[in-house]
There are 2 protein chains.
Amino acid sequence: MPDSLINHIKRFIEINEEQEKILLSFVEYKKINKKTFLLKEGQVCENNYFILKGCLRLFLNLDSGYEHILQFAIENWWITDFLSMQNGTPSKFNIQAIENSEIIFLNKNIKNELFERIPKLESYFRIILEKAYSAAIMRIHFQLDYSGEERFMHFNRLFPDFVQRVPQYMLASYLGFTPEFLSKVRGKKH
Amino acid sequence: MPDSLINHIKRFIEINEEQEKILLSFVEYKKINKKTFLLKEGQVCENNYFILKGCLRLFLNLDSGYEHILQFAIENWWITDFLSMQNGTPSKFNIQAIENSEIIFLNKNIKNELFERIPKLESYFRIILEKAYSAAIMRIHFQLDYSGEERFMHFNRLFPDFVQRVPQYMLASYLGFTPEFLSKVRGKKH
DNA sequence: CGCGACGTTGATTTGCCTCAACGATTGTGG
DNA sequence: CCACAATCGTTGAGGCAAATCAACGTCGCG
């Protein structure tokens, strides 16, 4: 079942069967239900999560009572709060399953042991972080330079099936506008 | 002179003198003048840049003729366009010196050779990417959840000296509003 | 069935932009 | 070293994209 993690890693680096076994012996596999929290505001984030199946979100609670989604993660994505994990400080964020999901847990301490056993894995994580970082920069670019309607259109073109998969109010939250506004935008293109 | 690169690396990993020498023999040191471009829109990004002294910005040209700053980099920061570098595609961005600066150039191919010689360096880059990524996520958070005035106040509290260091119109561009608006915000707190 | 979660639609408000005109400061060539 | 231009910052009037607020329709589910 965690084959897809191995496959994902093999897209970026080469590892042998021996190493695959070590890797799999270091991580945990869990099924979780929709709405399960993997991290709650105030806790210290101890794990990296890899999504085998399902969908998670990272969000924060606003004073207003609303919440704002900063990241989604679907199949073959990692999700975590690096800030809390690095510094060992309480997280401002929540990580929660949007669907019933199957997740690989990689504990932060275990991760360091793993790097000693399989140094190449550093390379894998470096590469996907470079990608995640570029994606974040592009997202800032869109946030700054495009209107709400343009952001939605663009997102819809890039991830048409994902748009179907999550409630509209979560999409609106992620894209940085209100659910009402999204509803109006969708209504327009008759 | 490139001591500060070595010092920066030593904040995160241990390296010996031998390795320091290898590292320094792999990189290039250059002084560049204010307004020099290290990357222009349309070029493929070939280097990582480490700032020993000075200040750089990464920005993109908008159709409107304006430009939008996506990143600043000062002493002890790396800057590059990972997207272009990873894929070998033409960059949408420009990297330009805002001040006369001293820069370490690390070519992308050399970087990979370097990783073979000193695998530990993967770890260094992984760690700083984790930090850069968290910072980008926090920036998205501020962009989504705070007003222009709040974003400026917060930035000003975090980096009071940096605010003095760059022209206001660049700050405005980075924070996501117009120079006129920034001027009005500053005027208010009499 | 009835309740809560989600989406829609319209009226009103507002944060910030646009445009324009005008000082202040910097820098560059004569 | 001055003159003049360019760059940068300030201020005000008017406008617009999106938020807010509110009311209502609809669906899924205990």
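Residue numbering restarts at 1 for every chain, and letters A, B, ... go by the order of the sequence lines.
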Could you give the [atom1]-to-[atom2] distance, from [X] to [N], as a whole number of Å?
X	N	atom1	atom2	result
B:Arg186	D:dT11	CZ	C1'	16 Å
A:Glu180	D:dA22	CD	C1'	10 Å
B:Asp145	D:dA19	CG	P	12 Å
A:Gln168	D:dT26	CD	C1'	13 Å
A:Phe177	C:dG15	CZ	C1'	18 Å
B:Glu67	D:dT7	CD	C1'	13 Å
B:Phe181	C:dT18	CZ	P	13 Å
B:Phe152	C:dG15	CZ	P	18 Å

>> Any side-chain N or O of A:Thr178 below 4.0 angstrom from OP1/OP2 of D:dA19?
In response: yes

>> Both B:Lys34 and B:Glu149 contact DNA chain C. Taking the nearest nucleotide for each, which residue is further toward the 5' end?
In response: B:Glu149

> With a 4.0 Å cut-off, would you call A:Glu130 and A:Arg126 a salt bridge?
Replying inline: yes

Aromatic contact between [X] and [Y], with the criterion being ring centroids under 6.0 Å apart: yes or no?
X	Y	result
B:Tyr174	B:Phe155	yes
A:Tyr49	A:Phe105	yes
B:Phe72	B:Phe162	yes

> From the list C:dG10, C:dT8, D:dA13, which nucleotide is the closest neighbour of the side chain of B:Lys184?
Replying inline: D:dA13

> With nearest nucleotides of DNA chain D determined for A:Ser147 and B:Tyr169 from heavy-atom distances, which residue corresponds to the more 5′ nucleotide?
Replying inline: B:Tyr169

